[in-house]
Amino acid sequence: MTRVTSAGQADLRERAAALFPGGVNSPVRAFRAVGGEALVIERGEGAYVWDADGRRYLDLVATWGATILGHAHPAVTDAIRRTAGEGLAFGATHPSEMALGERIRARLPSIERLRFTSSGTEAVMSALRLARAATGRDLVLKFAGAYHGHVDALLAEAGSGLATLALPGSAGVPPAVAALTVVLPFNDIAAVEHAFAAHHDRIAAVIVEPVVANAGVLAPADGYLAALREMTASEGALLIFDEVITGFRLGPGGAQRRFGVTPDLTVLGKIIGGGMPIGAYGGRIELMSLVAPDGPVYQAGTLAGHPLAMAAGAATLDAIDPSMYVALEQRTERLAGGLVEAGRAAGRQVAVGRAGPLLTLFFRRGAPVDATQAFEADRAAYARFHRRMLEAGVLLPPSQFEAWFPGFAHGDAEIEAVIAAVVDALQE
Ligand code: PMP
């Protein structure tokens, strides 16, 4: 295998610090929320990654959810190699786009037409533009703690990296732009009712992570998503499911099939690119017909529908048999049970937020239902825990407010190893 470098982490970190803000190309990689030195990861295989000093970690970050098959899965690697050998991208339609598009549509019937982008952020931005065009309205309603990419107007009370930086939003977003976003607590349907009453005929869309995975995992209350569906329909607003994380993770049909709630528009990313840069948005034909060149909503991308991302995504979806989700869910249940038991044995106040194979160990009493509760968790305790786990060779998300991503490469042995490490870490 060709190595990018054989230099050690210390040297690489120094060079990174001299190049990139915070030494990284995405903030959470800097480990600011847990302290200590950020990892420079050189390679991965299955459930494991190796840092540039050659140290191995059991990886529960899993490319922030993008590599559900594990790292360097042979089917994905082969597909990329085969495709790359025939040229990388042409700025024209390529057969691989239909291969992935048809696979997605077959699994998510609410997507009759779709458009590929190069990131989840772009897909969200484009879906909102479409929703505003379709409804002729300007406001977008989102939930505190949810993260929908770094779209200007959606950085208000967003989760993920913003949560740990304790920023209410981002500098550089004009108040006039932020004012187009209404932020409400998750799992509070009365708040949504009030917002519709207060902003009559102005709300273009409600955008929701059906399971919030960016404030740590917040599961939707029974009937909550169905209530959002009903209310948006009766108010003439669109319901947008941001399934960048939940798509092809909560099951073969994502959150929408798992919870039996059909959104107007769906945003995808991560898993559909098998680890390559990707995003997508899609929905009913009449909505997607508004997108250029069929309609007046402009959206484009030089490298959109990139053949390597398409090939990696199609190979990923092909490698997944629906029965694999059943096993993954059982293993996650075992992991969650092990975490709760470890907390009890150590006399620690911890709780597991979980929906299917997505979970977070919160350092607080009881699993949170919204971001306010999630943000009450003891970040300092999580930071100490994270460092102990890292020393034990387990890579967890470097923030209390991110999901753990067990995937198909995590077998029983890996799950038991994580539980054993947690037991030790919580005892100390
Ligand atoms: N939506 C959700 C739910 C996400 O978790 C993310 C990224 N973690 C995004 C959108 C943005 O995707 P990307 O980082 O590919 O722009």
Side-chain angles (χ1 to χ4, degrees), residues 24-29 33 60-68 115-129 131 140 142-165 170 181 183 186 205-220 225 239-250 254-256 263 265-282 299 301 303-306 309 312-313 316 353 355-360 371 374 397-399 401-405 407:
V24 291
N25 283 303
S26 198
V28 77
R29 297 178 195 172
L60 280 167
V61 178
T63 329
W64 299 97
T67 47
I68 196 168
R115 177 58 67 75
F116 286 115
T117 62
S118 299
S119 69
T121 297
E122 274 176 88
V124 165
M125 188 177 76
S126 311
L128 295 184
R129 185 179 300 141
V140 167
K142 81 172 279 271
F143 299 99
Y147 179 70
H148 301 292
H150 58 99
V151 181
D152 272 352
L154 294 187
L155 289 173
E157 294 184 47
S160 194
L162 280 165
T164 50
L165 294 174
S170 168
T181 308
V183 186
F186 187 63
V206 172
I207 184 165
V208 61
E209 291 185 71
V211 169
V212 177
N214 284 292
V217 173
L218 310 175
L225 297 171
L239 179 63
I240 305 175
F241 272 9
D242 181 344
E243 296 226 42
V244 167
I245 283 182
T246 56
F248 302 105
R249 177 164 297 275
L250 287 191
Q256 50 198 271
L265 292 172
T266 300
V267 180
L268 296 167
K270 300 199 193 244
I271 290 174
I272 61 162
M276 296 291 286
I278 201 164
Y281 66 104
Q299 180 263 311
L303 297 176
H306 196 285
T316 297
L358 280 168
L359 78 171
T360 298
S399 158
F401 308 117
E402 303 281 0
W404 300 13
F405 292 105

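Whatever order the structure lists ligands and atoms in, that order sets their numbers, starting from 1. Everything numeric in this text was worked out from a predicted model, so none of it was measured.
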Enquirer: Looking only at non-hydrogen atoms, find the nearest pair between L250 and A355 and report the distance.
Expert: CD2-O, 3.5 Å

Enquirer: Which heavy atom of the protein is the closest neighbour of atom 14 (O) of ligand 1, given with residue, atom name and distance?
Expert: T121 OG1, 4.4 Å

Enquirer: Is Y147 in contact with ligand 1, taking contact as a heavy-atom separation below 4.0 Å?
Expert: yes

Enquirer: First locate atom CD1 of I207, then atom CG of L265, and finally report the distance between them rounded to the nearest 0.5 Å.
Expert: 9.0 Å

Enquirer: Between I245 and K270, is there a side-chain heavy-atom distance shorter than 4.5 Å?
Expert: yes

Enquirer: Just go through V244, V211, T117, I245 and tell me whose heavy atom is the nearest to atom 6 (C) of ligand 1.
Expert: V244

Enquirer: Quick one: look up the protein heavy atom nearest atom 5 (O) of ligand 1 and list residue, atom name and how far away it is.
Expert: N214 ND2, 3.0 Å

Enquirer: Would you mind listing which atoms of ligand 1 come within a distance below 4.0 Å of any non-hydrogen atom of K270?
Expert: 5 (O), 7 (C), 8 (N)

Enquirer: So do Q256 and P210 actually touch side chain to side chain, heavy atoms under 4.5 Å?
Expert: no

Enquirer: May I ask you to check if ligand 1 and D242 share an N or O to N or O distance below 3.5 Å?
Expert: yes

Enquirer: In this structure, which one of L239, I240, V140 forms a side-chain contact (heavy atoms from CB on, under 4.5 Å) with V206?
Expert: L239

Enquirer: Working note: Q299 + R129, criterion side chain to side chain donor-acceptor pair (under 3.5 Å); need CA distance, chi angles, decisive distance, verdict.
Expert: CA-CA 9 Å; Q299 180 263 311; R129 185 179 300 141; over 6 Å; no

Enquirer: Which atoms from ligand 1 have a heavy atom of E209 less than 4.0 Å away?
Expert: 3 (C)

Enquirer: Looking only at non-hydrogen atoms, which of S26, S119, G149 approaches atom 9 (C) of ligand 1 most closely?
Expert: G149

Enquirer: Checking side-chain contact (heavy atoms from CB on, under 4.5 Å) against E243, which of T266, V211, I271, V208 comes through?
Expert: T266

Enquirer: Assess E122 for proximity to ligand 1: is some non-hydrogen atom of it under 4.0 Å away?
Expert: no

Enquirer: Just wondering, do I278 and S119 contact through their side chains at under 4.5 Å, heavy atoms?
Expert: no

Enquirer: Among all protein heavy atoms, pick out the one at the shortest distance from atom 15 (O) of ligand 1; state its residue, atom name and that distance to 0.1 Å.
Expert: G120 N, 2.8 Å

Enquirer: Is it the side chain, the backbone, both or neither of H148 that has a heavy atom closer than 4.0 Å to ligand 1?
Expert: backbone

